[in-house]
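Working notes for the structure below.
Every heavy atom of this structure was used, including side-chain atoms; hydrogens, water molecules and symmetry mates were not. Note that ligands are numbered from 1 as they come in the structure, with each ligand's atoms numbered from 1 the same way.
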Amino acid sequence: MDARRNPMIVQKTSVCQICGCNCGLLVSLDGGQIVEVKGDPQIPQNKGGICIKGKFSPQVLYAPDRLKTPIIRRKGGTNFMSLSWDNALNEISERLEQIKHKNGPEALAIYRGRSTRFIDRTFISAFARLFGTPNVTGVWTLCVGPKVIGYKATFGAPLFPACDFRNARLIVLWGTNPSASKMHRYFNLPNDIRKAIKEGAELVIVDPRRHRFADEATLHLPITPGTDTYLILSLVKILIEHAWTDDTFIKTYTSGYDRLCDAAKKVDILEASQITGIASETIMELAKKLGTIKPASIDRREGVIHQVNGTQINRALAILAAITGNIDRNGGLRFTPLPSWDASLGIEDNAKAPSIWSQRYPLAADGTQALTDSVLEQNPYPIRALISISGNPVSALPNTKRTLEALGKLDFLVVNDLFMTETAQMADIVLPGVTFYEKGEFHNEPLKPVPWLQTTEPLVKPIGDAKPEWHFIAELSARMGFKELSEFADEDEVLRRIFIDSGRSDLNPVSMRRGIRFEQPNFGVLLEKGFNTPSGKIELYSTWLVQKGYAPLPACEDSCQCSDRFPYRLVTGSRSNAFNHSQHRNIPDLLKHCPFPEAEIPPEIAADIGVSDGEFIAIETEWGQLSIRAKIVHGMNPYTISIPHGWSGKENANYLVGDASRDSISGTPAYKSIPCIVCREEPESD
Ligand code: SF4
């Protein structure tokens, strides 16, 4: 669509808010309808690139099954009936008042899904403070907890670590697949990796799966799931013993090296080789690359986050990058300072009770994993009402059976969403939410190495009776006697207030529609001025973790205890380009890219159970069973089965995941490394 050739076409800028990469968009509108979406080449984080989810995002906006009006289901009933926003808000406020009166304000929890952003979250937190509940939770624990705590313990906070792939000579992708997930989180990531490879960089993949990038790698280590610390600490030991570490860097910028050396001495490389499934020669080959090729970028994501020792694995990877001197330097791991905003809107916190997770996971920023315990066991106290905004706990939480039981036991469940999700089907009241095209936002998430701020404005009117989420919260607050949130006419007004409160009245939301660079990146500053840790250095031995009662150094652990009954290892959560978690399977042009879920299984297991490509297998864990089509993948770990998440009903991967297996520090569920058994399913005869 060319606006110059067709004067009816208007081009506007926006930011895609589907996956968190915040890709800049150029959006063409014809007569008020969005007709085309392209990447904005002027925005640094995606440089004009977008994925198919961004490309087909107007299909989400105009999807015929969008929720268009509030609906209610009376107690004991099965059918939903439409009702007006007025009646819905009155009903919600009355029910919340009753619960507050009977159980205290902390009996309300609010779950913010990934699609809530800055303004929605500001209003949700403000409402919770006014109401008096500390239990606002979301996807921090589910997505990033171990990484944040592990890196904070090593490098201090608040910092956002990002790999500089473009300038790296060695790129290690450890439990991450940027060809399918968050591909623009550090610039145009797949392109940058490919450009670096073209210019001579080496690519190494450490992953039980054989994903698309493995074909472009010099080395693929199909590690046995759950054994990462064995491999990382073996690399540390070899680097130390062969004097392949960066001694000047270690002496100048780190603390605790002697204690790390003592711990590394105890690592048995042959045992590690056996446990990880990686030949000792290959471990040596990777250690040599890490010790001799500079600079190196070691990137990691959910593969090493969703494990029972996730925080310590992330610590170990941070240590590996530090002892090879690949920190705060071009081509290595660099840090973007996090801008901090006073988004309190001047509202005091009325919450008196501690959050449901704070006693068990005091370092965690939220505690979605504690929701089911709280509802079903009143541990530490009962949650009786839940408002879920732009999220789908039935799909996201481990142990689906228990999640369904907990949601069914609530006195009151309100869901705000675009579509009738499985969580919405369990609700008392469902409210229609909006897409990012129907509301304004402020994009300050640091999923990029350039501190970049951008505002967006609504490009189209909300579909039907849908309302921006922050409007719903403001109107509910007013109904409950909290007028403070009603004074803002639009998103720009909210932002003006936050900029003033944050001492940045120079910022104008209207002039930030195509983004501004907030600050110059300060790479090298930490090396010059010191790290925000107790010692001011990179802490190989974490004094902060000791103080909090946790192990200061990672240790070799196999987090997956297989048995004769469950001899294989299940990894859940493999991504598809077409979907963001449980979203988009109702979007025709996305569904056709991935019409059904498949389990990746190695030829060794396929031969054992006598299954061919495309046939169905049954996977069983201690928690449940799932039937799924098999896809035989050569080159993956021979003991591993990998399945995608986000599918609904009986195909929900979380039926196989236990909720008691959690990272002991962050509480993050161990969606990876689950003992399982698999067998061929006999086709049903006609
Ligand atoms: S990577 Fe895709 S889904 Fe994510 S923000 Fe960019 S265009 Fe949207």
(message) Taking R300 first and then D207, would you say they form a salt bridge - that is, a charged N and a carboxylate O separated by under 4.0 Å?
(response) no
(request) Number the atoms of ligand 1 from 1 as they appear, then name those within less than 4.0 Å of a heavy atom of N22, with their elements. (result) 5 (S)
(message) Within the 4.0 Å heavy-atom shell around G54, which atoms of ligand 1 are there?
(response) 7 (S)
(request) Would you mind running through ligand 1 and noting each atom that sits below 4.0 Å from a heavy atom of K53? (result) 3 (S)
(message) Against the six-membered ring of W647, is R585 placed for a cation-pi contact (under 6.0 Å from the centre, within 45° of the normal)?
(response) yes
(request) Report yes or no: is the cationic atom of R117 (NZ for Lys, CZ for Arg) closer than 6.0 Å to the six-membered ring centre of F436, at no more than 45° off its axis? (result) no
(message) Does this structure show an ion pair linking E600 with R209, if we count only N-O contacts that are shorter than 4.0 Å?
(response) yes
(message) Counting C-beta onward and ignoring hydrogens, is there a side-chain heavy-atom pair between E438 and P458 closer than 4.5 Å?
(response) no
(message) Distance under 4.0 Å to a non-hydrogen atom of C51: what atoms of ligand 1 satisfy this?
(response) 1 (S), 2 (Fe), 3 (S), 7 (S)
(message) Can you report which non-hydrogen protein atom sits closest to atom 6 (Fe) of ligand 1, along with the distance?
(response) C23 SG, 2.3 Å
(request) For the pair H593 and F56, name the ring-plane relationship: parallel under 30°, tilted 30 to 60°, perpendicular over 60°. (result) tilted
(request) State the atoms of ligand 1, each with its element, that fall below the 4.0 Å cut-off from a heavy-atom position in C16. (result) 3 (S), 5 (S), 7 (S), 8 (Fe)
(request) Measure from atom 4 (Fe) of ligand 1 to each N, O or S atom of C19 and report whether any distance is below 2.8 Å. (result) yes
(message) Show me which atoms of ligand 1 lie under 4.0 Å from any heavy atom of I18.
(response) 3 (S)
